[in-house]
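The structure appears below as structure tokens.
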Amino acid sequence: MRKFTSLLLAASTWGLAQADDTPEPSAPGQADVAAIFDERSVLTPQGKLIFEPSLQYVHSTATQVAIDGYTVIPAIAIGLINVSETQRDTLTLGLGFRYGLSRRLDVDLRVPWTYKEESVRERELLQGNNSDLIRDSDGSGLGDIEFGLHYQFNQARNGWPYVIGNLRVKSRTGRDPFEVDRQQLRDKDGVLISEVFAEQPTGSGFWSVQPSLTFLYPSDPAILYGSISYLWNIERDVGGTIGKIDPGDALGFGFGLGFAINDRTSFSLGYDHSIVFETRRENDAGIDATFDRFQVGSFLLGVSHRLSAATNLNLSLGIGVTEQAPDLQLTLKLPMSW
């Protein structure tokens, strides 16, 4: 039982505090449960600072078929058929800082630097064109800085789980989609078809606020967890012919299991899901049909290894299980405490 108590004390990335009011130092070499969601609360001991550099790689692909014509019999289309395939790679270097204000309250700051690359391959069928059109664009720079506040509500006695309240605010310090250069696409007659990015943005262009609750239930030698969150993207007037844009909010939830392999290594399994609601525009003509919501789900694997009494190595892998989710999300973190 003492080994499990030490595990809980060492697993600061899960927001765990001691089950009683008597301080007990954690034994060096105890395992951490891998953190796999950024929004998981992180309760840092009072007066302690944690520096967490991270490196994240995200890869996503999408294929879209657009048909401008009519159907004479089922499955036979007459008209213009456009097939496009998009590949997007994002590399983010993050510098994170966490500080414990009290035994139940801490704050964090994350500053990202982002490099993004996108390739779009298109072909117009039924037009006598047997070659592909490939457009490449990239961009790099400061991303959207994030601030977080975490508070532990209870001590999880009498079979109750730990309940952690979180509040995260995302700025728009990165170069947003309305600031980057765009390239106009025209058909052979010179008629404007659409506009694409000449360079990739590094930020979303909107402030966001995300309150959430995290639940942690110790079950020796594992930890069961769950979370629920709501992401509020704040409306913004981008000017010009576009006017006001209200990005779709997102309702999220997640659950999983963290398990200690030995006194230095642990792994975690989880699932994360977000329901993203429709984006609304002030000057939207209402011609293009859009879904009311999108489902974004990912299966998550995490491994954590204690390198020393003050340093951990966390590696997590996210695999998209819905069409809108990234195909691959790989994150490496190296939290160090003082």
Side-chain angles (χ1 to χ4, degrees), residues 36-40 56-66 84-90 92 110 112 114 116 118 120 143-148 166-174 176-178 196-197 200-214 226-238 242-256 270-300 316-331:
I36 51 179
F37 297 140
D38 285 341
E39 65 267 23
R40 295 282 180 257
Q56 182 181 75
Y57 170 71
V58 179
H59 173 76
S60 60
T61 59
T63 301
Q64 184 178 22
V65 179
S84 64
E85 181 182 6
T86 302
Q87 293 190 6
R88 184 179 295 111
D89 295 284
T90 304
T92 302
R110 182 174 180 269
T114 300
K116 186 181 295 184
E118 183 180 83
V120 180
D144 292 338
I145 297 176
E146 301 179 12
F147 309 88
N166 315 285
L167 181 65
R168 183 166 295 278
V169 177
K170 185 191 70 64
S171 68
R172 58 181 189 94
T173 51
D176 66 50
F178 309 102
V196 296
F197 292 130
Q200 290 294 309
T202 60
S204 69
F206 298 90
W207 282 82
S208 301
V209 179
Q210 184 184 46
S212 65
L213 286 175
T214 301
S227 69
I228 184 170
S229 65
Y230 188 86
L231 177 64
W232 173 39
N233 290 308
I234 300 176
E235 181 184 273
R236 175 189 170 194
D237 189 347
V238 299
I242 301 177
K244 294 182 180 179
I245 296 182
D246 185 8
D249 298 338
L251 177 64
F253 65 88
F255 55 87
Y271 178 76
D272 185 44
H273 194 95
S274 295
I275 304 172
V276 183
F277 301 105
E278 180 183 356
T279 295
R280 301 185 182 278
R281 301 173 177 84
E282 181 181 18
N283 297 325
D284 188 1
I287 298 176
D288 296 332
T290 59
F291 293 108
D292 291 337
R293 66 187 68 88
F294 294 96
Q295 309 291 331
V296 182
S298 297
F299 177 67
L300 301 159
S316 66
L317 172 66
I319 303 173
V321 298
T322 64
E323 185 177 354
Q324 281 73 31
D327 298 334
L328 172 70
Q329 180 173 309
L330 188 63
T331 305

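Side-chain atoms are counted along with the backbone in the values below, which use heavy atoms only and exclude waters and symmetry mates.
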Quick check against the 3.5 Å criterion: does [X] have a side-chain atom that pairs as donor or acceptor with the backbone of [Y]?
X      : Y      : answer
Ser274 : Val276 : no
Gln329 : Gly318 : no
Thr279 : Gly248 : yes
Asp144 : Gly174 : yes
Lys116 : Thr92  : no
Ser171 : Ile145 : yes

Spatial distance of atom [atom1] ([X]) from atom [atom2] ([Y]) [nearest 0.5 Å]:
X      : Y      : atom1 : atom2 : answer
Thr90  : Gln200 : OG1   : CD    : 8.0 Å
Arg281 : Lys244 : CZ    : NZ    : 16.0 Å
Ser60  : Glu118 : OG    : CD    : 8.0 Å
Ile234 : Ile245 : CD1   : CD1   : 15.0 Å
Leu213 : Asn166 : CG    : CG    : 7.5 Å
Arg168 : Ser208 : CZ    : OG    : 11.5 Å

Glu323 CD: over 12 foreign heavy atoms closer than 6.0 Å: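 Check fails, neighbour count at 12 or below.
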Taken in chain and number order and not counting sequence neighbours, the residues that satisfy ring-ring contact (aromatic ring centres under 6.0 Å, His included) with His273 are Phe253, Tyr271
Heavy-atom pair with the smallest gap, counting every atom of [X] and [Y]:
X      : Y      : result
Gln295 : Thr322 : O-OG1, 2.9 Å
Pro177 : Gly203 : CD-O, 3.5 Å
Lys170 : Phe206 : NZ-O, 2.8 Å
Gly243 : Glu282 : CA-OE1, 3.4 Å
Pro247 : Asn233 : CB-CB, 3.6 Å
Leu328 : Leu317 : CD1-CD1, 3.0 Å

Under the salt bridge (charged side-chain N to carboxylate O under 4.0 Å, His left out) test, which residues partner Asp176, sequence neighbours left out? Arg172, Arg236
Classify the side-chain pair Ser298/Asp272 by whether it contains a donor and acceptor separated by less than 3.5 Å.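 Side-chain D/A pair, Ser298 to Asp272: absent.
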